[in-house]
Every structure is written in C-alpha cells, then in structure tokens.
Amino acid sequence: MASKMLKNGDAELTVEERKVYDRQIRLWGYEGQNKLKSLKVLLIGMQGLGAEIAKNLILSGVHSITLKDHTSVSILDRCSQFLIPRDSEERNRAKASLSAAQKLNPNVKVIADTVPIEENVDNFITMYDVVIATECSLSTYKRLSELCRKANIMIFIADVYGLFGYFYQDVNFTHPLYSEIFPNNAQIDTITLAKKPPQAYYLTSALLKFQSDSNRKPNPDTSEEDIEELKSIIHLQMNSSSDQKSTAIDLFEEYYGELFCELSPTTSILGAMVSQTAINTVMNKPVSNFNVFFYDHVKHEGTFYLL
Amino acid sequence: MAATIAGVFKPEVQNLIINSKILLVGSGGIGCEVLKNLVMLGFCNIEVIDLDTIEVSNLNRQFLFNKESVGKPKSHVAKTSVLKFNPNVNITSHFGDITDNKYGVAFFNKFKLVINALDNKKARSHVNRMCLSCEIPLIESGTMGYQGQVEFILKGVSMCFECNARSEPKSYPMCTIRNTPREPIHCIIWAKYLFSQLFGNSDEDVSMEQKEEVEGGYEKLSARNWAIKNEYNPKKLFKKIFFDDIIYLLGMSHLYEGRIIKPVLLDESLLEQEYCEYNHVPDNKILTLEQSISMFSDSVTAIKEKLGESNAECLTWDKDDDNFMSFVVSCSNIRSAIFNIPFKSYFDIKSMAGNIIPAIATANAMVAGQIVIHALRILQKKYDRCQNVFLRSMPNHKGGLLVKDKDVLKPNPKCNVCISDGEILLVTDTHKFTIRQLEELVLKKKLNMVAPDVQIDDRVIISSDADDEVNMYDLTLLEAGLKDRSTFEVDDGLQSFIIKIKVHHQEKYEEEEPDFEIFNNMNEFNAANEINKYMELNENDDDCVIEEKTVDSSGSGVCVNNEDIKEAVMVSKKEVTEEISNEEGTEEISNKEGTEEISNEEGTEEISNKEGIEEISNKEGAKDITNGEGAEEILAIKRKAAEEIEDINDVKKSRVD
Ligand SMILES: [Zn+2]
C-alpha cells in the first residue's frame with residue numbers, strides 16, 4: 001500500500017519534531033539536532049537580549065532552558081523585550097516571559113527561576129551544559145567565568161547598550177578569563193592584553209566602568225550627564241594607554257547618542273550571534289581562536305577578536 | 001517602544017522613527033524578525049504583504065507563527081502576533097502578490113522606505129523597479145543556511161538589484177537527463193519529468209512511445225497512454241521504464257559510441273523479485289536496489305489511487321507528498337543503478353528534488369537586525385553608512401562574521417534597469433520563435449517584467465490590458481513583422497520600465513537549445529560565439545556538457561546567461577568540467593572559504609580552525625543542494641562579496657605588515 005517511509009532519521013526525534021526542524025536538520029543533520037535535544041541551558045537575565053537568546057534557543061529545539069531573573073519588569077523592557085506582555089510592570093521578568101517563551105516551541109522545557117544568581121551555591125551551574133549571562137554585575141560575571149572554567153562548562157557573557165553590543169565566550173577553557181580581559185580599571189593597560197584592542201574594546205571597557213561606578217547602565221532619563229561621564233572615563237582610559245593618541249577620542253562621538261536601553265536591532269543581532277555560536281560549539285564547530293565579539297553599530301560590523 | 005521613551009534617541013531620530021511609513025515585502029523568516037524589530041523600536045506605520053500561508057516547516061524560525069496558525073496567511077498572523085508587543089501600532093497586512101498591478105506607483109509612493117524580505121528573483125526585480133521609478137530607498141535581503149546579506153538600493157546613489165547579472169538557476173542539458181546521466185541530480189530531474197509524463201502535465205518526454213497490440217495489429221502509444229491502458233500496473237511499468245526504454249537507448253548506437261557513460265541492463269531476475277521491506281530504514285540511509293523497486297511499486301499504486309480519487313486529469317508534483325517523493329526517490333535510484341551512479345537517501349533526494357534551502361532562526365535574526373540598523377541610517381540620510389553587509393557562516397581570519405563592502409557601490413552605468421534606456425540584443429530563430437515565447441520566456445521570465453506592452457508601427461503585438469483583444473501569440477516573430485535587425489520597444493507601465501530590443505536572426509535546428517539568448521550588444525554576442533567555437537574545438541567525448549545549452553529543472557527552456565559565458569572565458573576547460581562534475585553545486589564556494597582560512601598565517605591554532613571550517617563547509621555543501629532560485633543567486637552575490645572583502649583585507653594586510 002501507500003509507502004510508509006520512516007521519516008525519522010533517528011528514533012530520538014518524534015515525527016512532529018522532525019517536520020518542525022526539517023529546514024535546520026538539512027543544515028546540521030540529525031546528529032546535530034540530537035545534540036541540541038540533549039542541551040540544558042541556563043540563561044541569566046531576561047531583558048531584550050535575554051528574550052532574543054531564549055527565542056533562538058527554544059526555536060532550535062534544545063532540551064531545556066532556565067530563564068533566570070530576580071528583577072521586575074520596567075518600562076524600558078518595551079524597547080526590545082517582546083516576550084513580556086503589555087502591562088506586566090512590577091512582575092518578575094522571568095515569570096512574565098515564561099508563557100510566550102514556552103509557546104515558541106512546546107517540545108522544549110522552559111523554566112522560570114527567580115532566585116538571584118548571587119544567592120546560588122557555586123555548584124549550581126553544574127546542572128547545565130551551557131551558561132549564558134546578561135545584565136549581571138561585573139563581580140557576578142567574574143565569579144561565573146571562574147566557576148565555569150573550573151567546572152568545564154561553556155559560558156557566554158553578553159550585553160547590549162543601545163545599538164552597541166559585545167559578548168565574551170569561554171568554550172575551550174584556554175583563553176583568558178572574563179576579568180582578565182575586562183579588569184575594570186580606571187586605566188587600560190594594553191600590555192596585559194594579547195593583542196592591540198579595537199576601538200570597540202575601549203567603548204566596552206568604559207561602559208563597564210560606568211556600570212560598576214554608578215551601579216547601573218547609562219539611562220535615557222539622564223542621557224546627557226551619562227554621556228559626559230562616559231566621555232571622561234574614555235578620556236582617562238585612552239590617555240593612560242600607551243599606544244593611543246588622544247585625537248582618537250573624536251572617533252567615539254558618533255557612538256554616544258545610541259547607547260541607551262537594549263535596542264531591538266542589536267538585541268536581534270547579538271542574541272542570534274550568541275545563540276548560533278553556542279549551537280556551533282555544541283556541534284563541535286566552536287569559534288575556538290577568538291574569545292570576544294563586538295557589534296559596532298556605527299561601522300555596522302560584527303567581528304570576533306582574541307583578547 | 002524605544003522611540004516613545006524620551007532620551008533613548010535624539011529627537012530628530014525619534015521623529016523619523018515615529019513618522020516614517022514602512023513597507024515590508026514578505027513576512028517569512030526574515031520578515032517576522034524585521035517586523036518585531038521595527039515595532040519594538042517604535043515604528044508605528046507599517047504595511048506588510050505576503051502571498052504565502054504558514055507551513056509546519058516554517059515553525060523552526062518564523063516565530064510569530066505556531067502550530068495553530070498553520071494554513072493561515074502569513075501576513076495576517078504576523079500582524080496579529082506583533083500587535084501583542086504593541087497594540088498601538090498601525091499595521092496593514094495584505095495577503096497578496098506584490099507584483100499584482102493593484103500595488104502600483106500610488107501604493108508605493110505612500111512609503112518612506114521599502115524592505116524586501118523575499119525568496120524569489122522575480123518579485124525582487126519587480127520591487128527594485130518600483131522603488132527606482134518612485135525613487136524610494138529599498139533594503140534588499142536574503143539568507144541561506146548560516147549565510148545572508150543586506151543591500152541598500154537607491155536610484156542614482158547605489159547599485160540596484162539588477163546592476164549586475166545574478167546567476168541563473170542551475171540547469172542541465174536535456175540530452176544529459178535523457179541519455180547520459182552522470183550524477184544523482186541528473187537521475188532525480190529525470191524522475192520528476194517521468195512523474196509529469198505519467199501522471200501530470202508534461203512538456204518534456206523522458207520515456208519512449210510504446211508499441212501496443214490493438215485489434216488488427218499494433219499501434220504506437222505515448223508512455224502516458226500506454227500506462228493508462230495498462231492501468232498503471234507497477235510490474236509492467238517497471239519493465240517498460242527500466243528495461244525496454246534502456247534497450248531502446250542502447251539500440252541507438254551513436255549515443256554511447258566510445259563513451260564512458262553507458263547504461264547497463266539490470267538483471268532480469270529483478271522483474272520477478274519478491275517484495276522487499278524498506279519501511280524500517282531511516283530516511284537518511286540508503287536503500288538497496290531491491291528495496292527501491294518495492295518502493296517504486298508501492299508509490300505507483302498509491303499515486304494511481306490518488307489520480308483516480310482526484311477526478312483530475314493531472315497531478316502536480318509536490319515534495320511534501322510522501323508518495324510523490326517515494327516515486328522520485330525510487331525511480332532516480334533505480335536509474336542510478338543502470339548508469340552506475342551512487343544512490344542517494346530519501347532525505348538528500350528530497351533536498352535536491354524540492355530545491356529546499358536550509359534555514360535557521362539565527363541567520364534571519366542577524367540579517368533582520370542589520371536591516372533595521374540600515375533603515376535608521378537611510379532615514380537619517382547617512383548613505384555613507386549603508387554599505388552592503390554579508391553574514392558569513394564562520395569568521396574569516398580577521399574574525400569578521402558580519403562584514404561589509406568598503407564603499408556604497410555606485411550604479412553600473414550599463415545597467416538597463418536603473419541607468420540607461422538601453423538596447424539589448426535578442427538572438428533567436430525568427431522563423432520559429434513565437435510571440436507567446438517572446439512574452440513568457442523573454443519579457444516575463446528572463447527580463448522579469450509583469451505587464452509588458454509591445455507595439456510595432458501602431459500595431460499592438462503584446463498587451464498587458466486584458467480587455468485588448470490581441471491574438472498574435474501563435475505567430476512567429478517574422479510573421480508579426482519582427483525580422484532580423486528590426487528593433488522594437490517594450491514598455492512595462494507598472495514598473496515604469498522601458499527597454500529596446502534588437503532582433504538578431506540565427507537559424508536553429510530542431511530541438512537545438514536554447515531557444516533564444518540575450519546579449520547587451522553585438523560585441524558581446526560575437527565574443528560569446530568565439531567562446532563557443534573554442535569550446536567546440538576542445539570538446540571531448542562528454543558532449544553537450546560545456547555549452548550549458550540548458551533546460552532548467554522546472555521544464556521550460558532558459559537561455560544561457562551571458563555572464564556565464566563571460567566567466568567561461570576566464571576558466572580553462574578543465575576547470576569548467578570540474579565544476580560541472582562537482583556533485584553538489586555549492587561546494588566550490590565552501591572550498592573557497594576553506595582555502596582562505598588555510599592561507600592565513602596564524603600558526604598552530606590554524607589547524608584546528610581549518611578542520612572546523614572544513615567540516616562545516618562540507619556539511620553545507622552536502623545539504624545546500626539547490627537548483628532553485630533564491631539560494632543560487634544569493635550565493636553568487638555572497639561569493640563575489642566574500643572575495644572582494646578578502647581582497648581588500650589582504651591588500652591592507654600586506655601594506656600594514
Ligand atoms: Zn541598476
């Protein structure tokens with residue numbers, strides 16, 4: 001009678017999953033899809049960038065993803081957090097995202113976790129295959145980077161500032177730790193870095209310094225003061241660095257106006273970049289000779305570096 | 001929404017976002033992501049158009065849709081979904097075709113900016129022309145697998161979509177398909193033709209006429225009628241197609257004289273073989289010949305039933321019909337056995353036969369993000385910040401993953417679409433080529449017109465107005481008054497696109513392909529002739545391969561792209577042959593990337609990198625098999641761009657070092 005060719009290349013996928021994932025199985029094969037199907041992800045930070053990463057990984061068909069955030073929804077989430085329904089202000093971000101996130105793919109286990117990462121014990125992360133952190137403090141990033149290194153768990157640390165964004169990755173556990181690349185000093189000591197850093201590195205360092213000094217990201221409410229503050233940080237960092245001339249400071253002018261909130265074009269780009277790099281790593285195709293990625297919104301270039 | 005929050009943007013940018021009306025053409029993979037980005041950023045006047053409905057295989061990336069929305073129009077569902085992000089935006093969704101004349105100049109003129117998120121060249125060319133004629137900036141985009149690109153188009157400022165010839169869909173000579181297949185794809189295309197011949201509406205016969213006993217003698221029946229007469233008996237069909245037809249081929253002695261490619265008859269015991277179970281075999285594993293024959297038998301029975309139930313005379317082949325697929329899989333593999341070609345799995349044959357382009361959420365999201373960054377720069381009129389961008393599958397040796405052209409590329413002064421009211425040369429046999437072929441193949445298919453009008457000496461030859469009663473279609477060019485060296489003008493009123501065509505008569509023999517060729521001028525035509533002569537002189541046994549006198553996989557004749565000819569001069573015969581014998585078209589690109597990576601000089605890490613990249617390239621090569629439209633053309637652009645970018649970088653590098 002009618003031919004009943006087994007449509008599953010592998011018994012681990014249901015017929016229904018097989019149909020939904022068809023277009024990507026044709027890219028990375030059943031083998032790749034099965035690797036994804038066993039992947040347990042910890043995603044810390046559910047603002048715009050977190051929403052994008054969650055969307056991409058849930059669509060791809062990972063085993064499970066824990067959306068971890070102890071903070072409340074703010075009006076600024078409306079810039080790019082598309083998983084949170086309207087009028088959710090003051091709800092927990094992870095909880096408010098859960099329903100829309102789960103709807104993206106019923107085959108993936110989606111969990112909301114509202115405990116601050118700072119309160120979790122050190123071996124908490126060992127429940128996961130990959131840790132992705134956004135919107136944390138620098139000290140938390142430092143701690144996570146060290147913990148993941150010790151436990152051989154791959155980690156991605158990513159943030160978006162307006163239209164600018166970067167991510168750090170540690171996937172083969174040989175390159176510098178997060179805090180070695182972003183030591184958060186008032187002055188940038190280029191000698192400790194493996195290579196001459198790009199302009200985007202100075203901008204990132206200044207934004208991180210601002211964040212740790214003010215305990216917040218630059219904010220649209222205080223945009224003018226924050227820009228002045230950023231300028232003075234960059235001045236200090238540039239002047240003290242041995243191989244940069246102060247004239248280079250002008251190069252940053254075009255960037256300042258677009259560094260507020262997490263804006264959708266860049267959460268879209270960076271969220272996809274982090275997700276795909278993680279997926280590639282799981283499929284044994286890591287970007288192993290670079291460890292930091294910058295999306296430069298003025299030059300509109302996305303580039304990996306080894307720092 | 002970002003633009004409604006004070007301080008996020010400077011007031012002038014804020015106003016541009018809030019007040020600019022945007023047209024998004026396509027709400028598929030890229031379209032869903034763009035729509036989300038636009039709405040979240042604060043754009044509040046958007047129209048979106050798409051002619052497709054939602055399919056299950058969209059759901060791994062088109063995140064505005066879910067299982068419940070399968071079958072519904074993409075544009076409407078996309079609108080409903082993003083309204084949840086912000087109920088205060090003004091979105092109009094159209095379930096329709098952008099090339100429809102109801103979306104004319106008046107429609108386009110409403111918009112500050114148009115974004116293309118399309119999957120076919122015809123619609124892309126059409127929107128390109130509409131935007132040029134309305135002088136509206138256009139962002140053109142595409143993805144394929146891990147790769148993608150974003151292009152900025154504005155009349156007089158940058159290259160248009162048609163400034164450079166895009167590669168034509170890959171096509172194969174009909175004689176190769178019929179008589180001398182060398183690769184699985186040849187057998188797969190043959191199997192699709194066979195399906196049309198037996199069950200559908202065929203214009204290319206691949207199975208011979210068959211003698212059949214009738215009252216008082218014999219008569220010759222077409223394969224279709226013969227099959228119907230024998231009630232699609234699977235055993236009889238199997239014998240006819242895979243034995244009798246092959247014996248017929250072998251009987252044409254000149255066909256395989258001194259050639260390596262020669263069919264070998266299958267063992268006759270197969271005609272009576274027992275049923276051979278194959279249902280347990282996963283679709284990415286290869287069946288045996290015996291299993292393929294059982295699959296053939298099952299699929300013929302099922303298709304016959306379907307034909308009976310449908311009341312339709314003809315079935316249209318569809319990759320998503322499991323029985324139709326099984327027919328093509330089994331037929332192509334059985335034919336492969338006869339021609340000593342490796343078998344392919346059901347999974348791979350579905351990719352090739354269905355022209356399936358692999359697609360992932362992340363590549364679409366990256367391209368969509370860049371599209372909206374471009375949109376901001378275009379609205380700010382910062383055109384020097386709108387260079388074309390390319391998404392690579394892996395970083396280049398400088399770490400570049402999203403890389404851009406050095407400058408905004410200037411329009412090609414020879415472009416027939418955005419610059420000159422040029423004249424092109426149509427080379428064809430004016431005694432045979434009909435007005436219908438002129439309209440369908442040349443004006444619509446090749447030149448991507450949608451509503452062409454042609455008048456000669458006040459006589460209407462072709463009209464876009466349905467009310468005009470013009471019936472010249474069956475006339476040849478000559479009969480319609482278009483003889484050698486005559487020139488006529490074609491005007492597409494909808495696209496505001498006018499072009500002059502000069503006719504050059506060239507006698508064609510019966511069945512000689514292509515039916516016509518297009519050149520920019522006489523010099524190009526002469527140069528192409530030189531190449532053809534050169535090719536003929538250097539011809540080896542493997543005839544009819546090099547010229548690519550082509551029939552595309554969908555069955556209608558397409559001319560040789562003159563770009564291909566120009567390129568062909570550059571490469572030696574050997575390379576051409578290699579490229580063609582390369583099993584899966586796209587591999588050369590991957591290899592190219594691989595080579596770039598290898599040639600960089602960064603010591604030991606390199607080796608691991610090289611391995612990684614090769615692995616990916618191979619995988620891509622193996623999966624991205626397409627003789628379909630979108631993918632090929634995107635890759636062509638990508639390939640070119642990647643080369644250029646590498647060149648620039650390499651020059652820089654050598655200078656700096
Ligand atoms: Zn042009």
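Lettering of chains follows the sequences in order, A, B, ..., and the numbering in each one begins at 1. The figures that follow rest on heavy atoms only: side chains count, while hydrogens, waters and symmetry mates do not.
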Return the option, out of [options], with the maximum number of heavy-atom pairs under 4.5 Å with chain B.
| options | result |
| --- | --- |
| A:Leu263, A:Val274, A:Ile279 | A:Leu263 |
| A:Lys55, A:Glu258, A:His297 | A:Lys55 |
| A:Gly257, A:Ser264, A:Gly48 | A:Ser264 |
| A:Ser60, A:Gly162, A:Ser275, A:Pro220 | A:Pro220 |
| A:Arg86, A:Lys19, A:Glu262 | A:Arg86 |
| A:Asp221, A:Ile269, A:Thr303 | A:Ile269 |

Give, as side chain, backbone, both or neither, the part of A:Val287 having an atom under 4.5 angstrom from any heavy atom of chain B.
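Side chain only.
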
Against chain B, label A:Leu259 side chain, backbone, both or neither, depending on which of its atoms sit under 4.5 Å from a heavy atom there.
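Neither part.
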
So [Y] and [X], do their side chains get closer than 4.5 Å, heavy atoms only?
| X | Y | result |
| --- | --- | --- |
| B:Leu402 | A:Met273 | yes |
| A:Leu59 | B:Ile360 | no |
| A:Tyr30 | B:Asp283 | yes |
| B:Leu376 | A:Leu163 | yes |
| A:Tyr295 | B:Gln370 | yes |

Could you have a look at [options] and say which one has the most heavy-atom pairs with chain A under 4.5 angstrom?
| options | answer |
| --- | --- |
| B:Lys84, B:Lys350, B:Met325 | B:Lys350 |
| B:Arg61, B:Lys382, B:Lys36 | B:Lys36 |
| B:Ala361, B:Ala363, B:Ala359 | B:Ala359 |

Point-to-point distance, once rounded to the nearest 0.5 Å, from [atom1] of [X] to [atom2] of [Y]:
| X | Y | atom1 | atom2 | result |
| --- | --- | --- | --- | --- |
| A:Ser223 | B:Phe9 | OG | CZ | 12.5 Å |
| A:Tyr256 | B:Lys10 | OH | NZ | 12.0 Å |
| B:Asn284 | A:Arg26 | CG | CZ | 10.5 Å |
| B:Met366 | A:Thr266 | CE | OG1 | 13.0 Å |
| B:Met40 | A:Ser268 | CE | OG | 11.5 Å |
| A:Tyr305 | B:Lys398 | OH | NZ | 9.5 Å |

Which bit of [X] comes within less than 4.5 Å of chain A, counting heavy atoms only: side chain, backbone, both or neither?
| X | value |
| --- | --- |
| B:Ile5 | side chain |
| B:Asn88 | side chain |
| B:Leu41 | both |
| B:Val8 | both |

What do the steps show when you test A:Lys285 against B:Met394 for side chain to side chain contact (heavy atoms under 4.5 Å, CB included), and what is the final call?
CA-CA 9 Å; A:Lys285 293 170 253 165; B:Met394 272 284 170; 4.0 Å; yes

Is [X] salt-bridged to [Y], cutoff N-O under 4.0 Å?
| X | Y | result |
| --- | --- | --- |
| B:Arg377 | A:Glu254 | no |
| A:Arg23 | B:Glu55 | no |
| A:Lys103 | B:Glu68 | no |

Could you tell me whether A:Glu224 atom CD has more than 12 heavy atoms of other residues or ligands within 6.0 Å of it?
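Check fails, neighbour count at 12 or below.
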
Test side chain to side chain contact (heavy atoms under 4.5 Å, CB included) on A:Asn105 and B:Asn60 and set out the steps.
CA-CA 8 Å; A:Asn105 187 350; B:Asn60 76 320; over 6 Å; no

What are the two closest non-hydrogen atoms of B:Phe85 and A:Phe82, and how far apart are they?
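Reported closest heavy-atom pair: CE2-O, 3.3 Å.
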
Specify the closest pair of heavy atoms between A:Phe290 and B:Asn396, including all atoms of both residues, with the distance to one decimal.
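So the two residues come closest at CZ-O, 4.0 Å.
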
Under the side chain to side chain contact (heavy atoms under 4.5 Å, CB included) rule, what do A:Glu301 and B:Gln387 come out as? Steps first, then yes or no, please.
CA-CA 10 Å; A:Glu301 288 172 333; B:Gln387 295 91 336; over 6 Å; no

Do B:Arg385 side-chain atoms and A:His300 backbone N/O form a donor-acceptor pair below 3.5 Å?
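Not at all, since once roles are kept as given, no pair shorter than 3.5 Å links the two residues.
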
